Amino acid sequence: MLSTVRIDDEIDLVGPLGKPFDTSLFENIEHGNSELHVKQTPAAVALLVGGGVGVPPLVYLGQMLHRSGVAVHAIIGARSSAEVICGAELNLVCERVSVTTDDGSHGHKGRVTDLLPQLIGSLIEMNGSLPVIYSCGPMPMLRAVASICAQMGVKCQVSLEENMPCGIGVCNGCVVRARQPFAAEKARPQNKRDLNEVVGNEWSPYQAYRRVCVEGPACWADEIDWEHNHD
Amino acid sequence: MIDLETTIGRLRLRNPVLTASGTFGYGEEIADLVDLNQLGAIVCKTVTRRPREGNAPPRTCETAAGMLNAIGLQNVGIEAFIREKMPFLRDCGTAVVVNIAGESVEEFASLCRVLSDVEGVSAIELNISCPNVAHGLDFATDPSVTEDVVAHAREATDLPIWVKLSPNVTDIALIARAAEHGGADALCVANTFVGMVIDVRRMRPRLSNGTGGLSGPAIKPLALRAVWQCAGAVGIPIVGVGGISTALDAVEFLLAGATAIQVGTATFVQPHAATMIAEGIVDYLGQHEINAVSEIVGLARNL
């Protein structure tokens, strides 16, 4: 439909929908009750990791973070140099943009995850603090990025993709499998704020699958059961 | 003043436009977008005895003029439904029809018994026709099983019982009559049609479940035909559903013999579809100088 509209045509829009990237780790926030105040040390470095058409959403994020004084780095990947997008926009707000192409026609030959571990390592060393990773792109890429971040102990936000019939949380069509609490413990939901369907205070099978359109599309990578999600 | 009041058996609704089960969540999710006071009723997502995970994704895909879904009845379960969802629903400003599914005749009856004691339930819709769960269609494809499940539900509650039929049968009128014999107050015609899509890139079915239920404009002529056939076979009211996107679509179903209609997939394209359809029916009646929507029910049948 969007390919056929012309200037001055009217279209219907519903939005904004869903959860945007969580940037709260960069904020100065006090946690806790009146007895115990824990001041969160704001993070200072963000690493944007994008693949293919997953890169554009990271541009606005990069611009916002840059404006708030965060040091932004990026790794972007595409199949070939012709498909590398938003390099120029990212260069304006990033300290460094690394590019990878599957065919080697531009930048590093290979995938974004080839460069990721080393870049995370050097950012930790350079800054003495943990960067926050933001990733958007095909599911196999997100899975690999999430795995590396988990291994290296850095927090990672991913923007998920799934066919969304309604986009407003009423059909349960766009779900992803969420990380389950261990069967042995009747655990409380890990992230109560994210689980709209808290059923009493106990985890319910209903919560095994979460809606990308309202409990996402952006969420923490460690909330997803990567092994049991399809590509 | 054009009268949209609609009577389905003992139940009086403000208008004939309802929302279809599975397309409106439990109402609260969409209440800030849609004015529920303009709907005849909401039909909730199917509730089962135990909470259900639902099917693995991919659960949906688009088709020409429609979509396939294989949600798999993901729901919070009857206990959580009553505790967490009914408080909003009983005060939401419109009638509430609770759609239920059981794995056995006894389970259907038991759910009916439980709901009889719940304040705010206007009617129970028996989902004997879900194509996306094991044994889901077993009830609706066999007339004697249909009659049996309805009869047991009938014994278990005084609430109005609507039976949602499956169109994936050779003769839907046969099933309709069986449901009527069992004691149904109304029929909901019809659930989705079983279909599938193959992903040629991955060389396998697009949906994790293999098949799914087809809905949307593509099925409208089929659902309409089912309504026509059922209206000719039973005396109880029919709630027509399947592919209705506009007011004129709804009018077709009313003229065919449906007393009321449900809007489902259209809500995904336009969240206000149901309320817009209600307004459009008023326009149609006005244009034809008809004062009450009840006057056009089955009018196309008077040949």
Side-chain angles (χ1 to χ4, degrees), chain A residues 1 10-18 138-140 160-181 183 186 189 192 195-217 224-231, chain B residues 19-34 42 44-46 48 50-62 66-77 79-81 83-85 199 202 204 206-208 212 215-216 264-272:
Chain A
M1 189 197 91
E10 259 188 36
I11 58 174
D12 248 324
L13 192 69
V14 180
L17 299 174
M139 202 64 166
L160 298 169
E161 172 96 29
E162 186 58 73
N163 189 290
M164 300 185 208
C166 77
I168 55 177
V170 293
C171 77
N172 277 35
C174 65
V175 300
V176 287
R177 193 157 179 95
R179 195 168 53 94
Q180 316 297 299
K186 271 233 184 117
K192 212 159 160 165
L195 289 173
N196 291 351
E197 313 298 349
V198 174
V199 183
N201 272 326
E202 288 195 354
W203 184 86
S204 158
Y206 176 77
Q207 293 153 330
Y209 290 106
R210 289 161 37 171
R211 300 160 293 175
V212 170
C213 69
V214 296
E215 285 127 5
I224 302 302
D225 179 353
W226 293 99
E227 201 193 319
H228 293 107
N229 274 302
H230 71 101
D231 281 349
Chain B
T19 57
S21 177
T23 67
F24 226 66
Y26 301 102
E28 193 169 6
E29 302 92 316
I30 198 172
D32 58 350
L33 262 182
V34 177
I42 302 178
C44 306
K45 172 68 189 181
T46 304
T48 53
R50 278 180 292 222
R52 287 180 57 98
E53 283 187 0
N55 290 334
R59 290 182 175 178
T60 64
C61 73
E62 205 169 327
M67 59 170 278
L68 287 176
N69 92 77
I71 309 296
L73 298 183
Q74 178 180 4
N75 77 96
V76 296
E79 268 180 68
F81 172 76
R83 199 179 57 235
E84 318 271 334
K85 307 299 180 187
D199 185 326
R202 297 188 171 121
R204 54 180 198 240
R206 179 75 62 79
L207 302 180
S208 176
S215 66
T265 303
T267 299
F268 301 160
V269 175
Q270 164 57 276
H272 298 117

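Residue numbers begin at 1 in each chain, while the letters A, B, ... track the order of the sequences. Note that this is a predicted model, so its numbers are computed, not measured.
- Residue B/Arg50: no heavy atom, backbone or side chain, is found under 4.5 Å from chain A.
- Ranked by non-hydrogen atom pairs under 4.5 Å with chain B, the options A/Ala208, A/Gly167, A/Cys171 are led by A/Cys171.
- Residue B/Ala56 touches chain A through both its backbone and its side chain, counting heavy-atom pairs closer than 4.5 Å.
- In this structure, CG in A/Asn172 is found 8.5 Å from CD in B/Glu29, a value given to the nearest 0.5 Å.
- Between B/Asn75 and B/Thr46, the side chains place no donor N or O within less than 3.5 Å of an acceptor N or O (distance only, hydrogens not considered).
- One distance of note links CE of A/Met164 with CG of A/Leu17; it measures 9.0 Å at 0.5 Å rounding.
- In this model, no donor atom of one side chain and acceptor atom of the other lie less than 3.5 Å apart for B/Thr267 and B/Thr23.
- Annotation: side-chain hydrogen bond (donor to acceptor under 3.5 Å, both in side chains) contacts of B/Thr60 (sequence neighbours excluded): A/Asn163.
- Only the side chain of B/Gln270 comes within less than 4.5 Å of a heavy atom in chain A; its backbone stays farther off.
- A/Val175 touches chain B through backbone and side chain together, each having a heavy atom under 4.5 Å away.
- For the set B/Gly27, B/Gly72, B/Gly22, the entry with the most heavy-atom pairs within less than 4.5 Å of chain A is B/Gly22.
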